[in-house]
Asks: 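Just dropping this structure here.
Computed from a predicted structure; not experimentally measured. Order of listing sets the numbers, starting from 1, for every ligand and every atom in it.
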Amino acid sequence: MSKNKNNKPVWSTRIKNNRSGLFIKAGSSINVDKRLFKQDIKASAVHVEMLFKKKVISLQIKNKIIWGLKKIFNEIKKKKFIFDNKTEDIHMAIEKRLFELIGEDAGFIHTARSRNDQVLVDFKLWMLEASDDIVKEIDTSIKVIIKIAEKNIFTVMPSFTHLKNAQPISFAHYILAYVEMFIRDKKRFINNKDNLLENPLGVAAVAGTSFDIDRQYTTKKLNFKKPTGNSIDTVSDRDFVLDFLYSISVCSNHISRFAEEFILWNSDAFDLIKLKDKVVTGSSIMPQKKNPDTLEFLRGKTGSIYGNLFSMLTILKGLPLSYFKDLQDDKELSFRSFDQIKICLQIMREVLNNFVVNKKKMFQLAETGYTTATDLADYIVREYKYPFRKAYLITSKIVNIAEQKGKQLNQLTEKEIKGIDKKLNEDVLKLFNIENSVKSKNSYGGTSFENIKKMIKKYKKHG
Ligand code: ARG
């Protein structure tokens, strides 16, 4: 009978039974990688189909194994499967149960494969699904942002550079900047699929196998694009994990920058937006407080998401080729980042659906800080054919006068501006109108109301 009956690992024939109980528990990954049971069973089923097709195993054994795998799948689904943390990992747990169910014939399942390629095929299959999941979450978030933009095309606010008022923009234009970021995020996950779609199954431990296997068959049946090309690289490669963790980090970075801006704008000092009660938290001592904890949560989680990427980079640094136990952590890091980015995208949407724009304050702030000065400089270049640098100098003198007199630019008199350059007249004062300034920025990608309308249409079609 199989060794598994005695509850020993399959590889225990040469290792005496005085192993560290502490390490058996600590080194077990079952509580993490049990998440891969579906992929593990699917890949095993395809593997034995292939072994049968290539006449490595008989029809009877193949059928027995498939029957056992299906039974195990149902047991796990119905929560009747016992995940014992004395079992090393999900692969061993399933194989052990297969022995219990069908006896020694279970041992044929591991012909021409190793856990080194097995874990990779499971993990890549999981990551393909996870990437689609994230793309869906991003898509839903993009739709929410577009709705906000549609309602705020004519909401004018200042843009900031160095956090100083820069030029008037539409709030829709600002929020649509995040659509661009999320579209790039989506692309990253989609591009990652190129590498994910290379099938590792069949490279076995490190050298390949002497069995006459058909890797094209398993590739097709598991919906991969092609088999990986080098057995050593295959078992060593965790680039796809880095790509995944990096893509999540960048997406999280976008969420964090959004969170930071909204925290600032929701502050009493800025007062540009107001979070609704659904997404704020109170203080345990100050009864008046409504704190933006949701946004702080998003910003904070970015730290641990980056941490997962850095952990993986560090694990790989200096690791010789092929498999080492060090690599086992790749799954925990990926699962954690995946769970966190999903919840972050969902919470971000909760915030986006629960805030009010303070249009009045936005407009007032756009009028503060001489935000239309550049419009005058541009006008002088266009109308008087001055070089931009000369126009810039004239404009800065006008800003100086306004500052000295405590006036806004449109409150200056003709006499005051003529003092700087004789050509200037009252027409110029129209330039200082905030909405005209926004309207005038109609270069492709600019903030003009017309551009925004076009961009919203485009995002709705191709977003
Ligand atoms: N649980 C292991 C991991 O996730 C599976 C691969 C084990 N391979 C080995 N040679 N010990 O890395």
Asks: Of all residues at least two apart in sequence or in a different chain, which pass the side chain to side chain donor-acceptor pair (under 3.5 Å) check with D105?
Replies: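 For D105, the residues satisfying side chain to side chain donor-acceptor pair (under 3.5 Å) (neighbours in sequence not counted) are K64.
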Asks: Among residues two or more places apart or on two chains, list those pairs meeting ring pair (Phe, Tyr, Trp, His ring centres under 6.0 Å) that have a residue in residues 174-214.
Replies: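 Pairs touching residues 174-214 that pass the test: F171-Y174, Y174-Y178, Y174-W265, Y178-F258.
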Asks: List below, pair by pair, the N or O atoms of ligand 1 and of the protein that are less than 3.5 Å apart, including the distance to 0.1 Å; reply 'none' if no pair qualifies.
Replies:
from	atom 1	to	atom 2	distance (Å)
ligand 1	1 (N)	D89	OD2	2.8
ligand 1	1 (N)	Q328	OE1	2.9
ligand 1	4 (O)	K331	NZ	2.6
ligand 1	8 (N)	N116	OD1	3.0
ligand 1	10 (N)	N116	OD1	3.0
ligand 1	11 (N)	R115	NH2	3.4
ligand 1	12 (O)	Y323	OH	2.4

Asks: Could K96 and E100 be called an ion pair, given the rule that one side-chain N must be under 4.0 Å from one carboxylate O?
Replies: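 Between E100 and K96 there is a salt bridge, with a charged N closer than 4.0 Å to a carboxylate O.
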Asks: Can you run down the ring pair (Phe, Tyr, Trp, His ring centres under 6.0 Å) pairs that involve residues 13-52, sequence neighbours left out, and say none if there aren't any?
Replies: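 Pairs touching residues 13-52 that pass the test: F37-F73.
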Asks: Write down the atom of A366, the atom of I434, and the distance for their closest heavy-atom approach.
Replies: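 Closest approach of A366 to I434: O-CD1, 3.3 Å.
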Asks: Tell me the closest heavy-atom pair linking L313 and L242, and the distance in Å.
Replies: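 Heavy atoms only, the tightest pair is CD2-CD2, 3.7 Å.
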